[in-house]
Every structure is written in C-alpha cells, then in structure tokens.
> 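Let me begin by handing over the structure; questions about it come next.
Every value quoted in this text rests on a predicted model; they were computed, and no experiment measured them. Here is the naming used below: chain letters follow the sequence lines, and residue numbers restart at 1 for every chain. All values below come from the heavy atoms of this structure, side chains included, with hydrogens, waters and symmetry mates left out.
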Amino acid sequence: MPELPEVETAARDLAAQVIGRQIVAIEKLDWERMIETPTPAEFHALLPGRQIVAVGRRAKWLLLTLDAGWTLAIHLRMSGSVSVHPPDMPADVYTHLVLRLDDERRIFFHDTRKFGRVRLLDAAGLVLLDQRHGPEPLSETFTEEVLAALLRGRRAQLKPLLLNQAVLAGLGNIYVDESLWRARLHPLRLAASLTQREIAALYEAIRTVLTQAVQNKGSTLRDYRTGYGQSGENQHYFMVYGKTNVGQPCSRCGTAIVRLVVGQRGTHICPQCQQIYAGSTEPSGLDSPA
DNA sequence: CATTACCTGCAA
DNA sequence: TTGCAGGTAATG
C-alpha cells in the first residue's frame with residue numbers, strides 16, 4: 001500500500017486516537033519476523049509501560065514517539081494498515097500485532113502479506129532512520145531548487161530515481177506515475193536531461209498530486225485502510241494508474257493509457273502526452289556515453 | 001543495473 | 001495455473 005499520503009493519513013488518524021495513552025501490553029505478536037530491532041525478547045521487555053506522546057511520519061515510516069526516548073517505527077510495506085479498535089473487536093488471522101492501551105482499546109497492525117516491519121528505536125536509531133531518507137516533498141523546505149539539485153548530474157531514469165527513498169522520501173509506484181503524467185514527463189527520461197521548465201512542472205506535479213491524495217485520505221486499492229479502518233478516496237482521482245485494464249482515455253488528449261514496465265514496476269502513461277524525447281529535450285551526453 | 005526474495009490473495 | 005499487486009533488501 002502505503003505511500004506518503006496513506007502513511008500520513010494513518011499517522012494523523014492514530015494521533016487523534018492514541019496520544020497520551022499508555023501501551024500496557026503486547027496482546028498478540030504471531031509473526032516475530034516483523035520485528036527488525038531489537039530482538040523479540042527485548043521488544044517484549046521494553047514496549048509495555050511506554051506512553052505514546054506523539055505520532056508522526058518520516059518517508060513511509062509511521063512513527064509513534066514514546067516516553068523514555070523510544071520511538072515505535074512501523075513500515076506498512078505493501079499490505080499493512082494500522083487502526084484502533086474497541087476491546088470487543090476480535091483480531092483476525094492477518095492482524096499480526098495487537099497493542100493493548102490503558103483505556104482497553106487496541107492498536108491493530110493488520111498485514112496480509114507479512115511484508116510490514118516494526119522497529120523500536122532509541123534516539124540514535126531514529127537519527128539513522130531519518131538520515132537514510134531524502135527530503136520530504138511536502139515540507140516547506142522542499143523547493144524547486146531542491147528538486148533541481150536532486151536531479152542534477154543523475155543519469156538514472158526518472159521513475160526509478162523518484163522511487164528511491166534515499167533521494168526523495170515518500171513517493172511510490174502510484175504517485176510517481178500520477179506525478180509524471182501531470183508533468184507530461186516520460187518515466188524513462190534521464191533525470192539530468194530535464195529542462196528548468198520541466199523541473200518546475202515536475203515539482204508542481206509532485207506537490208499537487210501528494211497534497212490532493214492526503215486531502216482524500218490516501219488511495220485504497222486492496223488492503224489499505226485509514227486509522228479508522230475506512231477506505232481512502234483518492235483512487236477515484238487517478239489519471240493513469242490502473243487505467244489500462246479497461247483501456248481508458250487520457251483525460252487531457254483522449255489517447256488510450258498504456259502500461260509498460262520500468263525498473264521492474266508496472267508503469268502507466270499517456271503515450272501522447274508523455275513522449276521520451278520530444279522536441280528539444282535531448283539528454284546531454286546521449287551521444288557521448290560515459 | 002537486473003533479478004530474486006519476502007508473503008498472500010485474487011483476477012485472468 | 002499463472003501472473004500480478006501500493007515496497008524494499010539482498011544477491012548476481
């Protein structure tokens with residue numbers, strides 16, 4: 001699931017429900033491989049008794065700030081969701097972690113595919129996690145100039161580069177495709193080949209696409225749920241993602257959206273609006289490969 | 001850089 | 001039965 005808008009929604013929904021509560025017990029943990037650090041034994045020893053003082057997000061990590069300097073970091077990967085439930089709500093077989101709060105409600109970590117991961121981090125661990133990620137695209141400090149600097153000198157293809165969390169945090173397969181469509185850029189364009197005008201378009205596209213998705217509480221295709229267990233609504237506003245099964249037309253030009261594979265990921269584009277090297281946008285260095 | 005692995009459910 | 005899925009780390 002979860003890309004930036006989905007994790008942001010989960011964080012906001014969780015914040016509204018659990019800040020100030022104490023985690024009194026780990027009521028269920030039936031897939032210990034989800035705990036990346038510390039060891040499961042230490043996790044069991046350290047987590048109960050901690051109070052939740054804040055809930056936030058960094059990249060696609062959901063961060064529960066606890067007392068005593070600890071942070072519970074949760075990555076939803078492909079199929080995870082986190083939600084809060086009353087005491088009488090039974091956990092199904094796909095709910096692999098249940099935390100009981102001091103008011104008897106439970107935090108459920110539901111994850112069909114078991115790709116999700118949990119870390120209990122001290123202050124140093126949190127700094128390391130932060131440092132392994134690029135800038136936050138919705139932060140005030142992420143400007144067009146910052147994006148230009150990220151692209152400068154990079155020979156990587158645009159889509160794989162934008163999916164790289166160490167370069168820019170939070171974009172995933174859906175929102176990269178949507179952003180590139182909005183900016184009229186082909187996913188195979190070489191990053192360093194973008195003109196200033198194209199960088200400006202990409203910047204505007206990323207910000208607009210993500211902002212709208214957050215406003216719509218994320219996109220639900222299969223598993224993703226908000227922190228209240230509800231579906232997001234942004235999937236109704238996709239311009240290209242998933243539009244190929246039914247051969248739907250580009251909303252700008254009417255050309256049928258097509259699916260290709262870029263960097264091993266299913267990729268959706270308008271072949272008319274997003275041409276590889278249209279006009280004067282030849283990449284520098286194409287005829288002098290390094 | 002490309003391929004494979006990690007898991008499970010679902011549609012073709 | 002096969003292939004695909006919102007992500008990422010590990011491996012040739």
> Do you see a donor-acceptor pair shorter than 3.5 Å between the side chains of A/Asp177 and A/His268?
yes
> Would you mind reading off the distance between A/His110 atom NE2 and C/dG6 atom C1', rounded to a whole angstrom?
16 Å
> Would you say a side-chain N or O of A/Lys114 is under 4.0 Å from OP1 or OP2 of B/dC6?
no
> Specify the separation, in whole Å, of atom CG of A/Asp111 and atom C1' of B/dT8.
10 Å
> Say you pick atom C1' in C/dG6 and the same atom in B/dC1; how far apart are they, in whole Å?
23 Å
> Do the non-hydrogen side-chain atoms of A/Ser251 and A/Met239 ever get within less than 4.5 Å of each other?
yes
> Starting at the 5' end of DNA chain B, which residue's closest nucleotide do you reach first, A/Ala156 or A/Arg222?
A/Ala156
> Provide, to the nearest angstrom, the distance between the CD1 atom belonging to A/Ile74 and the C1' atom belonging to C/dG7.
16 Å
> With P as the reference atom in both, quote the distance from B/dC10 to C/dT8 in angstrom, rounded to an integer.
24 Å
> Taking a pair as Watson-Crick or G-U wobble with both distances under 3.5 Å, which nucleotide is matched to B/dC7?
none
> What is the distance from CD of A/Glu36 to C1' of C/dA9, rounded to the nearest Å?
9 Å
> Without decimals, in angstroms, what is the distance between A/Arg259 CZ and C/dC4 C1'?
8 Å
> Which part of the nucleic acid, if any, lies within reach of A/Trp61 when heavy atoms closer than 4.0 Å are counted: base, sugar-phosphate only, or nothing?
nothing
> From CG of A/Leu158 over to P of B/dC1, roughly how many Å is that when rounded to an integer?
14 Å
> Quick check on the hydrophobic clustering: are A/Leu101 and A/Val82 connected, directly or via other members, by side-chain heavy-atom contacts under 4.5 Å?
yes
> Which comes earlier along DNA chain B counting from the 5' end, the contact point of A/Arg33 or that of A/Gln157, where each point is its nearest nucleotide?
A/Gln157
> Does A/His75 make a side-chain N or O approach to OP1 or OP2 of C/dG7 shorter than 4.0 Å?
no
> Could you tell me whether the side-chain ring of A/Phe115 sits stacked on the base of C/dT8, using a centroid cut-off under 5.5 Å and a plane angle under 30°?
no
> Any strand counts, and the cut-off is 3.5 Å on both contacts for Watson-Crick or G-U wobble. Which nucleotide pairs with C/dG6?
none
> Write down the distance between CG (A/Asn173) and C1' (C/dC4), rounded to a whole number of angstrom.
12 Å
> Assuming nearest nucleotide by heavy-atom distance, tell me which of A/Gln165 and A/Arg113 is located more 5' along DNA chain C.
A/Arg113
> Consider only side-chain N and O atoms of A/Glu204 and A/Thr208, and report whether a donor and an acceptor are under 3.5 Å apart.
yes
> Nearest whole angstrom, please: distance from the P of C/dG7 to the CG of A/Leu221.
10 Å
> Applying the 4.5 Å side-chain criterion to the ILVMFWY set and letting contacts propagate, would A/Leu63 and A/Leu99 be lumped into a single cluster?
no
> Check whether any side-chain N or O of A/Arg265 sits under 4.0 Å from OP1 or OP2 of C/dG6, and answer yes or no.
yes
